[in-house]
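Here is the structure we will look at, set down as structure tokens.
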There are 2 protein chains.
Amino acid sequence: MTKRREQVGLVTMHSIASAAGVSPMTVSNTFRYPERVQEETRQRVMRIAAELGYVPNHAAGNLASGQSRVIGAIIPSIKNSSFYKYVRGMQDTAAEHGYELVLKLADTICHEHAAIQTFIGLRVAGIALVGNEHEPAAIDILQKTALPVVESWVLGNPIDMAVGYSTTAATKAILDVLLARGYRNIGFIGYERTASHRFTERLPIFRSVLAQAGLSSDLVHLADEADGFGAGPKALEELCRIGPRIDAVICPTDIVAAGVLFECGRRGWKVPDRIAVAGWGDYEIASEITPGLTTVQPNAYEMGQQSVTMIVERARGNRNRGRVVDTGFQIIKRAST
Amino acid sequence: MTKRREQVGLVTMHSIASAAGVSPMTVSNTFRYPERVQEETRQRVMRIAAELGYVPNHAAGNLASGQSRVIGAIIPSIKNSSFYKYVRGMQDTAAEHGYELVLKLADTICHEHAAIQTFIGLRVAGIALVGNEHEPAAIDILQKTALPVVESWVLGNPIDMAVGYSTTAATKAILDVLLARGYRNIGFIGYERTASHRFTERLPIFRSVLAQAGLSSDLVHLADEADGFGAGPKALEELCRIGPRIDAVICPTDIVAAGVLFECGRRGWKVPDRIAVAGWGDYEIASEITPGLTTVQPNAYEMGQQSVTMIVERARGNRNRGRVVDTGFQIIKRAST
DNA sequence: TTGATCAGTTCACACATGTTG
DNA sequence: ACAACATGTGTGAACTGATCA
């Protein structure tokens, strides 16, 4: 009786039902279980729905069924291409299974917490996170709600499930390349003040590998994560101050590595003759810049696929809590080392 | 009676209501209209809600109130930093107004249509689109639902509202820079098979400006939009074949421009002595690469702010249908021209 | 096809208290 | 002293649109 106000979505299942001369349930069925409805009625309902511009109300459906076809993914950044393939993998796989992927950006664990709340509030089918560092309150609420959650780009000790690759193994592998090629004064660029294990795990491995090789591991510079390309020149300057004989450097991302290459260009340094440069992530620029960057290529697309697959399986009742999948990585050798 | 199945979000308003010894309505009020409930009860309810890890169900609230605090944005790509500032602007502004921003990726107008359907299905408060080329069916449904819609990065003839800058004016401005510096054999790189006015508007202006200056405008190459950096080398090769005396080139994005710079480096061509290179978009790489790229800097952050502001205002009842806002642009002059 | 149901919100109203003419 | 009227808090019924049995 109380006609509240002009609603936005005026077209409801009722309106098409009466326009088509069937019950609302029949309309519902034509959308969710087309095979339960006779071809003829189905077509009539679809036609009228299209004419009236009907879009089923997820909110109502979600509420009634307790289910959702939306998966929420939270990514730290869209500043560069690092998550591009990952998101593509998620999106394509979600579509295959009849799910929708929506994204939220969160560059700090505090924002991540807020994004998690939003997704829980929306009652999504599952949540994909990057990394395994989160606010305690966020972990707490994820555990309480028992929503399917995948942490990606990282392995081990998951809230629920995880898919990633071993940064430790990748760090070793890239150092092996440099050592095999005879570099002996290897520098390391990392990030300071980052909470992310994706980055912080690398330095200890760097130190232990060099120690085992009987080499010094003093050439370390921690850059500001916000700097992007700009971190390269700063880091190179600092490392050269510490050890002028530096002959190779490994970077936290290809972006930083590209920044180092730009700086080498300005100094007139030949790469890799004067200094070898290794990147990380196989960003698009790695293969296009000259010299091409030797880099760690995570299987980002597969990681995205796997993340969504695990969420969908769990939403369908499979019990793969605690599952951890390693999607591996490759070392791409190019001219920079 | 029918206890359906283990619901995901077990904590409801009812459970905190009984735990706090108040009615569900009081719980609802403490969240939505805190001033309507006594300080003491408010705190008790809040405490219990926090303890139980309660997250209000947007789906239910949305359904009951017909309102939403979620804004949906559809962006074509996260492959590079072009939309980074834009999204930041939207996100920050949404947060200021107490709204949430969620993203969907759509690289074709077909995918965009699907994303629009998803957002309408979610009954979001409004939708932000990039560009003004859409599927007819998508336009149709947006008009029917009368949802607040902003088209950005583009001006004119909006479905509902628009915020952007003039690609025409920007193309003229960047050509003025090149002409003023004496370049006379100017090449143009555009995109082929792109539906987007953001790009297709540029070529006619290029032609007319050069014609007015009494110069030829034959040096045109249309690249594959998917190519990124790789489009640069291909385009340069083609343009040199058409006109070996080419002395400047304007690119559709800074990424393509960077690709051109890489290729110039390989050829040993000095920039801008042998050839001047102009980019578009003020991507992060533009200021970091050597030589720095002369480029068009749209006010992307402001565009994002403005988009969300317009949606929020409309959601609050302001009638700014048909409004078009020009956020302008700057030409950033660097060493590449 | 019908009604009950999901988890909230709107709206109208109850109730206690205080203020006013 | 009393009705009349605000005011501040809390409650119950009806309702949202789609789904399930």
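Every chain is numbered from 1, with letters handed out A, B, ... down the list of sequences. Values reported hereafter were calculated over all heavy atoms of this structure, with side chains retained and with hydrogens, waters and symmetry mates removed.
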Is it true that, when you exclude His97(B) itself, more than 12 heavy atoms of the residues, nucleotides or ligands shown sit nearer than 6.0 Å to its NE2? yes
What is the distance from CD1 of Ile120(B) to C1' of dG17(D), rounded to the nearest Å? 16 Å
Within this structure, what is the NE2-to-P distance between His14(B) and dT11(D), rounded to whole angstrom? 12 Å
Using a strict cut-off of less than 4.0 Å between a Lys/Arg side-chain nitrogen and an Asp/Glu carboxylate oxygen, indicate whether Asp92(A) and Lys85(A) qualify as a salt bridge. no
Less than 4.0 angstrom between a side-chain N/O of Tyr33(B) and OP1 or OP2 of dT10(C), yes or no? yes
Any chance you could lay out the salt bridge (charged side-chain N to carboxylate O under 4.0 Å, His left out) test for Arg314(A) and Asp160(A), step after step, and finish with the verdict? CA-CA 10 Å; Arg314(A) 264 278 303 260; Asp160(A) 181 4; 2.8 Å; yes
When you compare the side chains of Glu151(B) and His134(B), does any donor N or O come within less than 3.5 Å of an acceptor on the partner? yes
Taking only N and O in the side chain of Arg32(A), is any of them less than 4.0 Å away from OP1 or OP2 of dT19(D)? yes
May I ask you to decide if Ser152(A)'s main-chain N or O and Asn132(A)'s side chain share a donor-acceptor pair within less than 3.5 Å? no
Nucleotide dG8(D), atom P - distance to CD of Glu35(B) in whole Å: 11 Å
What verdict does the ring pair (Phe, Tyr, Trp, His ring centres under 6.0 Å) test give for Tyr54(B) and Phe31(B), after you've listed the backbone C-alpha separation in whole Å, the side-chain angles of each residue and the deciding distance to 0.1 Å? CA-CA 11 Å; Tyr54(B) 172 66; Phe31(B) 281 96; 5.6 Å; yes
Nearest 0.5 Å, please: how far is CZ in Arg44(A) from CD1 in Ile48(A)? 6.5 Å
Partners passing salt bridge (charged side-chain N to carboxylate O under 4.0 Å, His left out) against Glu100(B) (at least two apart in sequence or in another chain): Lys104(A)
Hey, what bend do you get for the helix from dT2(C)-dA21(D) to dG21(C)-dC2(D) if you fit axes on five pairs at each end, rounded to 10°? 50°
Flag side-chain contact, heavy atom, 4.5 Å: Met303(A) against Asn299(A): no
I want to check one thing: is the phosphate of dT19(D), taken as OP1 and OP2, less than 4.0 Å away from some side-chain N or O of Ser28(A)? yes
Between Tyr84(A) and Asn80(B), a side-chain donor and acceptor under 3.5 Å: no
For the pair Arg198(B) (side chain) and Val154(B) (backbone), establish whether a donor and an acceptor sit closer than 3.5 Å, ignoring hydrogens and angles. no
I'd like to check the salt bridge (charged side-chain N to carboxylate O under 4.0 Å, His left out) partners of Arg323(A); sequence neighbours left out, ordered by chain and number. Glu313(A)
Of the residues in residues 36-43 of chain B, which ones touch DNA chain D at a heavy-atom distance under 4.0 Å? Arg36(B), Val37(B), Gln38(B), Thr41(B)
Round to the nearest Å and state the distance from Asn62(B) atom CG to dC15(D) atom C1'. 15 Å
DNA chain C-proximal residues of residues 46-58 of chain B, any heavy atom under 4.0 Å: Tyr54(B), Asn57(B)
Please tell me which of the listed nucleotides, dA18(D), dC20(D), dG8(C), lies nearest to the side chain of Ala64(A)? dA18(D)
Glu39(B), CD: over 12 other non-hydrogen atoms inside 6.0 angstrom: yes
In whole Å, I'd like the distance from the CD atom of Gln67(B) to the P atom of dA7(C). 21 Å
Find every protein N or O atom lying less than 3.5 Å from an N or O atom of nucleotides 1-3 of chain C, and list the pairs.
unit_1: dT1(C); atom_1: OP2; unit_2: Ser23(A); atom_2: N; d: 2.8
unit_1: dT1(C); atom_1: OP2; unit_2: Ser23(A); atom_2: OG; d: 2.5
unit_1: dT1(C); atom_1: OP2; unit_2: Thr26(A); atom_2: OG1; d: 3.0

Rounded to the nearest Å, what distance is computed from the CG atom of residue Leu63(A) to the P atom of nucleotide dT5(C)? 14 Å
Closer than 3.5 angstrom, by distance alone: can the side chain of Thr327(A) be matched with the main-chain N or O of Gly164(A) as a donor-acceptor pair? yes
